[in-house]
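Presented below is the structure to which this report refers.
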Amino acid sequence: MSATILIVEDEPAIQELLAFNVVQAGFQAMRAEDAEGAWRHIHSHLPDLILLDWMLPGISGVALAKQLRADARTKDVPIIMLTARSDERDKISGLESGADDYITKPFSPRELMARIRAVLRRHVPQMSDETVASGGLELSPSKHRASAKGIIIEMGPTEFRLLHFFMTHAERVHSRSQLLDQVWGTQAFVEERTVDVHIRRLRAALEPTGMDSLIQTVRGSGYRFSAINQRFD
Ligand code: CA
């Protein structure tokens with residue numbers, strides 16, 4: 001699954017350039033020209049990263065970054081701030097507003113993409129192509145293959161994304177709405193029961209290898225992938 005990047009930039013030429021480079025690099029691009037437009041996008045689809053211009057009409061980029069950090073749904077979405085200012089104090093206030101990284105205009109597309117990839121690797125490990133192993137399971141996103149005990153596990157694309165997310169966020173409880181945001185990219189148009197359906201399918205896919213017990217139901221909260229306290233009998 002490719003990451004979705006929300007570009008918030010009011011200058012059409014720069015917005016176009018950013019979107020071009022983002023799509024060229026294999027990501028999905030959503031575009032907004034101000035804070036209001038950004039929130040409209042976010043309500044229908046939670047982005048994996050936000051490229052945020054400092055100077056926006058109306059609500060500034062810094063103020064929007066603060067709003068995003070204060071909102072439960074968006075507080076963990078990484079932000080890269082774009083600015084024409086290279087002043088050290090501005091850099092600090094940008095980072096204090098909640099941005100994860102900072103890039104000064106004019107920037108080279110290569111530098112921008114390198115920053116985007118670095119931030120995604122840190123914050124959104126399920127978007128990475130690196131092979132993950134946990135609890136005896138191994139999952140390779142680039143080969144789109146999961147296996148355990150030498151057995152290839154057959155599953156659908158949603159179950160694969162779900163398992164990848166679980167394995168990169170093990171030992172934590174995820175609510176159904178968090179899973180919808182992180183795996184489906186939206187809370188808005190999918191019923192929470194859908195999550196239960198795919199959990200059932202994922203467990204059924206894992207069953208032949210005995211790995212279905214790694215997916216735990218946490219009553220009243222959601223689901224957890226746990227490789228701890230596994231019984232091997
Ligand atoms: Ca601007």
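Ligands are counted one by one from 1 in listed order, and the atoms in each one are counted from 1 as well.
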Exercise. With respect to the Ca ion (ligand 1), what is the nearest N, O or S atom of D53?
Worked result: OD2
Exercise. In D10, the N, O or S atom nearest to the Ca ion (ligand 1) is which?
Worked result: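 The nearest such atom is OD1.
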Exercise. With a cut-off of 6.0 Å (strictly less than), are more than 12 heavy atoms of other residues, nucleotides or ligands near CZ of F20?
Worked result: no
Exercise. Taking the side chain from E9 and the backbone from E11, do they hold a donor-acceptor pair closer than 3.5 Å?
Worked result: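 Indeed, once roles are kept as given, a pair shorter than 3.5 Å links the two residues.
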Exercise. Please state the angle at the Ca ion (ligand 1) spanned by OE2 of E11 and O of M55: what is it, rounded to 10 degrees?
Worked result: 160°
For this session: Using the ring-ring contact (aromatic ring centres under 6.0 Å, His included) rule, take H198 and W184 through it: C-alpha gap first, then chi angles, then the decisive distance, then the call.
Result: CA-CA 11 Å; H198 288 278; W184 280 257; 5.4 Å; yes
Exercise. Do the charged groups of R122 and D100 touch, with an N to O distance under 4.0 Å?
Worked result: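 Answer for the salt bridge query: no.
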